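Here the structure comes first, spelled out in C-alpha cells, and everything after it is commentary.
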Amino acid sequence: MFTTKTFTTLLFAAGVISAAPTSTSTSHPSRTVSLTGVTHSVVAGLAGLRFDPENVVASAGDIIEWHFLPKNHSIAQSSFAEPCQPLANSPSTSFFSGFNFATSEGQAPDVFQIVVEDASKPIWYYCAQQTGAHCQNGMVGVINQNFESAEATLAKHKELAAKTGTSVIPPAVQGGEVIENPNPLGGFKL
Ligand SMILES: *[C@@H]1O[C@H](CO)[C@@H](O)[C@H](O)[C@H]1NC(C)=O
Ligand SMILES: [Cu+2]
C-alpha cells in the first residue's frame with residue numbers, strides 16, 4: 001500500500017535518509033525501532049463519534065495512520081485508567097495530532113501518523129474535541145489491547161471515559177507526524 005513518496009517520507013522521518021544538514025533538531029524523539037513497511041489506517045469520525053477500526057493489533061515498527069472525516073477531530077494518547085486526558089506520568093511523551101484536520105465535508109487533506117515502538121504495551125488514545133464531548137461519547141481507541149485482561153477492555157475504557165468531565169486538550173502537537181494524505185482510500189472499505 002506504499003507509494004514511493006510515502007516510503008521516502010517515512011524513511012526521511014525515521015532518519016534513514018539524511019537531508020541537507022540543518023541546525024534544527026527533530027521534533028520527535030529518535031526511534032529505536034526499524035520500520036516494517038506496514039501501515040494500519042484508522043478513520044476518525046466514520047459513522048459518528050468513533051474510530052474505525054477502534055481496535056488495532058500492530059507490530060513494533062508498524063505505522064498507525066489516522067484519516068479524518070467531519071467535523072473537527074484530533075488524536076491524543078491517554079491511558080486505560082485515565083481516559084480523555086494525556087498520559088499523567090509522562091505528558092511530554094504522549095502523542096497529540098493537534099486540531100489540524102477540521103473538515104465540513106469529505107476527508108481532511110492531511111493524516112496523522114505514529115510509529116509503534118513497543119507492541120507489548122497497549123496504546124490508548126482519544127479525540128480531545130471538547131465541543132460535543134467526543135471522548136465522553138466514545139471517541140476512543142486502542143492499539144495492542146491486552147486481550148488476556150478481562151478488566152482493561154475497550155468497553156470498560158468507554159465506561160470510564162463517559163464518566164469524565166471535560167477532555168484535556170494537550171498543550172503541544174508532538175509524538176507523530178502530520179503529513180499530506182498518502183493513501184486517500186486507506187481505512188475505507190469499498
Ligand atoms: C477545532 O477545534 C479546536 C479545539 O476545540 C479549535 O481550537 C479549532 O478552532 C477548531 N477548528 C475549526 C476549524 O473549527
Ligand atoms: Cu472527535
Side-chain angles (χ1 to χ4, degrees), residues 27-28 39-58 62-88 90-116 121-145 152-190:
S27 59
H28 50 77
T39 299
H40 305 265
S41 294
V42 177
V43 182
L46 191 63
L49 295 180
R50 54 187 292 275
F51 293 104
D52 189 300
E54 55 191 8
N55 199 312
V56 170
V57 175
D62 288 2
I63 285 172
I64 313 295
E65 177 179 282
W66 284 275
H67 295 239
F68 295 85
L69 289 175
K71 297 175 178 177
N72 181 3
H73 306 292
S74 66
I75 311 297
Q77 188 177 6
S78 60
S79 62
F80 168 76
E82 295 180 303
C84 314
Q85 61 173 279
L87 293 178
S90 186
S92 64
T93 61
S94 329
F95 55 77
F96 178 51
S97 68
F99 288 94
N100 292 299
F101 317 93
T103 172
S104 53
E105 197 180 49
Q107 193 179 166
D110 290 343
V111 298
F112 182 63
Q113 293 186 335
I114 63 154
V115 175
V116 175
K121 292 199 187 112
I123 298 168
W124 298 88
Y125 65 89
Y126 65 106
C127 172
Q129 182 56 261
Q130 296 169 335
T131 306
H134 290 199
C135 183
Q136 291 73 20
N137 280 303
M139 205 160 182
V140 296
V142 62
I143 300 150
N144 294 328
Q145 176 184 330
T153 64
L154 188 54
K156 180 74 181 161
H157 187 67
K158 286 186 182 181
E159 277 175 33
L160 295 172
K163 289 180 196 147
T164 63
T166 307
S167 296
V168 177
I169 297 178
V173 176
Q174 62 182 14
E177 310 279 335
V178 178
I179 62 166
E180 193 183 324
N181 189 348
N183 178 19
L185 296 179
F188 294 91
K189 299 162 194 95
L190 298 178

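In what follows, residues are counted from 1 in the order of the sequence shown. Counting convention: from 1, in listed order, for ligands and their atoms alike. Predicted, not measured: the structure shown is a model, and the values here were computed from it.
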Checklist entry - Are any non-hydrogen side-chain atoms of K158 and E54 less than 4.5 angstrom apart? => result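 K158 reaches E54 side chain to side chain.
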Next on the checklist: Checking one value in my table: which N/O/S atom of H73 lies closest to the Cu ion (ligand 2)?
Outcome noted: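 Within H73, restricted to N, O or S, the Cu ion (ligand 2) is closest to atom ND1.
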Checklist entry - Any idea which N/O/S atom from H134 gets closest to the Cu ion (ligand 2)? => result ND1
Which residue and non-hydrogen atom of the protein lie closest to [atom], and at what distance in Å?
atom: atom 8 (C) of ligand 1; result: N72 ND2, 3.8 Å
atom: atom 13 (C) of ligand 1; result: A102 CB, 3.6 Å
atom: atom 5 (O) of ligand 1; result: Q129 OE1, 3.2 Å

Next on the checklist: Looking at every heavy atom in both F51 and A44, which two are closest together, and how far apart are they?
Outcome noted: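 What the structure gives for the nearest pair is CE2-CB, 3.6 Å.
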Next on the checklist: Quick check: T131 and ligand 1, any N/O pair under 3.5 Å apart?
Outcome noted: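 No.
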Checklist entry - Distance only, no hydrogens: is a donor on one side chain within 3.5 Å (strictly under) of an acceptor on the other, for T164 and Q136? => result yes
Checklist entry - Cys pair C84/C135: SG distance under 2.5 Å? => result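 Between C135 and C84 there is a disulfide, given that their SG atoms are under 2.5 Å apart.
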Checklist outcome for this item: SD (M139) to the Cu ion (ligand 2) to SG (C127), nearest 10°, is 110°
Checklist entry - Relative to each other, are the rings of F188 and H67 parallel, tilted or perpendicular (30° and 60° limits)? => result perpendicular
Checklist entry - Hey, does the side chain of Q107 reach the backbone of P184 with a donor-acceptor pair shorter than 3.5 angstrom? => result yes
